[in-house]
Participant: 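Shown below is the structure under consideration.
What you are looking at is a predicted structure, and each value in this text was computed from that prediction instead of being measured.
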Amino acid sequence: LQQGAPVRRFNWTMTVNPLLDTAPETYPVWGPTRTSLTHDNMGDKMHLRVELQALFRLPRSNAIAFSIRCYLGRFDELVSVPKWARRLHRVVRDIHPDVAAYKGFLRNRDAMALWLAQYDDGAPTSPGWWPQD
């Protein structure tokens, strides 16, 4: 990691309700919400969480600063863009169970895929998530 050349990466997961603090230490607070999903509230309660993580080498101390910028998108909002709806459905449906478990949504994966399926029109997807792709 060189000074003046930060490293950035994306990470993602799913969360019930728009929570920023999903640390293991606070699991007793947010963990039980994972059992509250139904087909009727899936669009409102389920969120895609994307993190932009950056590491910077500081010039004077040579220390490393690590930042995380979180973005939360409610499923109802995400499916309003057909391309995103298709991609999200296919990722949730096809992701390996080990990865879904690691990301924390294996318990709700089938229900999420079922809810998202209604927004997948079967059209091919392109490599990017952004509407202009």
Side-chain angles (χ1 to χ4, degrees):
L1 185 63
Q2 300 297 316
Q3 290 179 14
V7 174
R8 292 182 177 94
R9 77 177 205 117
F10 285 100
N11 194 15
W12 67 272
T13 189
M14 303 287 183
T15 183
V16 178
N17 297 326
L19 300 174
L20 293 177
D21 182 6
T22 57
E25 297 82 9
T26 59
Y27 182 81
V29 175
W30 60 266
T33 64
R34 299 183 331 160
T35 63
S36 67
L37 290 177
T38 66
H39 191 79
D40 292 333
N41 68 21
M42 182 73 65
D44 185 53
K45 293 187 87 167
M46 200 68 213
H47 290 71
L48 172 65
R49 174 188 170 119
V50 177
E51 299 173 350
L52 172 57
Q53 302 173 347
L55 293 103
F56 303 86
R57 172 84 56 191
L58 301 178
R60 290 183 63 193
S61 66
N62 212 29
I64 297 173
F66 177 68
S67 66
I68 301 175
R69 170 76 166 127
C70 294
Y71 301 87
L72 293 166
R74 198 175 70 237
F75 273 23
D76 275 344
E77 297 168 330
L78 296 171
V79 299
S80 70
V81 178
K83 179 183 204 171
W84 296 354
R86 284 191 297 271
R87 179 68 57 89
L88 186 57
H89 170 244
R90 294 170 192 184
V91 167
V92 169
R93 178 193 67 195
D94 299 338
I95 198 165
H96 192 280
D98 291 346
V99 178
Y102 171 73
K103 296 289 183 182
F105 65 91
L106 182 61
R107 159 190 220 112
N108 294 310
R109 182 181 130 186
D110 292 343
M112 291 163 55
L114 181 64
W115 188 87
L116 289 165
Q118 65 187 320
Y119 300 99
D120 188 342
D121 61 8
T125 59
S126 63
W129 275 81
W130 311 114
Q132 68 270 17
D133 285 350

Participant: Taking all heavy atoms of Phe75 and all of Met42, pick out the closest pair and write down the distance.
Facilitator: CB-O, 4.1 Å
Participant: Could you list the residues that satisfy side chain to side chain donor-acceptor pair (under 3.5 Å) with Asn41, not counting sequence neighbours?
Facilitator: Thr38
Participant: Can you name the side chain to side chain donor-acceptor pair (under 3.5 Å) partners of Ser36, sequence neighbours left out?
Facilitator: Lys45
Participant: Run Leu78 and Tyr119 through side-chain contact (heavy atoms from CB on, under 4.5 Å) and show every step you take.
Facilitator: CA-CA 10 Å; Leu78 296 171; Tyr119 300 99; over 6 Å; no
Participant: Donor-acceptor pairs under 3.5 Å, side chain of residues 49-74 to any protein atom, not counting sequence neighbours: which ones?
Facilitator:
from  : atom 1 : to    : atom 2 : distance (Å)
Arg49 : NE     : Glu51 : OE2    : 3.0
Arg49 : NH1    : Leu19 : O      : 3.2
Arg49 : NH1    : Leu20 : O      : 2.8
Arg49 : NH2    : Leu20 : O      : 3.3
Arg49 : NH2    : Glu51 : OE2    : 3.0
Glu51 : OE1    : Gln53 : NE2    : 2.8
Gln53 : OE1    : Arg9  : NE     : 2.6
Gln53 : OE1    : Arg9  : NH2    : 3.1
Arg57 : NE     : Leu1  : O      : 3.1
Arg57 : NH1    : Asn62 : O      : 2.7
Ser61 : OG     : Ala63 : N      : 3.1

Participant: Taking the side chain as C-beta and beyond, is there a heavy-atom pair between His47 and Val16 under 4.5 Å?
Facilitator: no
Participant: Rounded at 0.5 Å granularity, tell me how far CE in Met46 sits from OG1 in Thr33.
Facilitator: 8.5 Å
Participant: Quick one: do Val99 and Val92 end up in the same hydrophobic cluster if we chain Ile, Leu, Val, Met, Phe, Trp and Tyr together by side-chain heavy atoms under 4.5 Å apart?
Facilitator: yes
Participant: Using the rule that two of Ile, Leu, Val, Met, Phe, Trp, Tyr join whenever any of their side-chain heavy atoms come within less than 4.5 Å, decide whether Leu88 and Trp12 are in one cluster.
Facilitator: yes
Participant: What pairs with Trp30 under side chain to side chain donor-acceptor pair (under 3.5 Å), at least two apart in sequence or on another chain?
Facilitator: Thr26
Participant: May I ask you to test the Val79-Trp115 pair for a side-chain heavy-atom distance under 4.5 Å?
Facilitator: yes
Participant: Quick one: CG on Asp121 to NE2 on His89, what's the gap to the nearest 0.5 Å?
Facilitator: 11.5 Å
Participant: Could you note down all residue pairs passing salt bridge (charged side-chain N to carboxylate O under 4.0 Å, His left out) where residues 88-100 supplies at least one of them, sequence neighbours left out?
Facilitator: Arg90-Asp120
Participant: Applying side chain to side chain donor-acceptor pair (under 3.5 Å) as the test, list every pair that has at least one member in residues 102-111; sequence neighbours left out.
Facilitator: Asn11-Lys103
Participant: Could you give the distance from CE (Met14) to CD1 (Ile95), rounded to the nearest 0.5 Å?
Facilitator: 7.5 Å
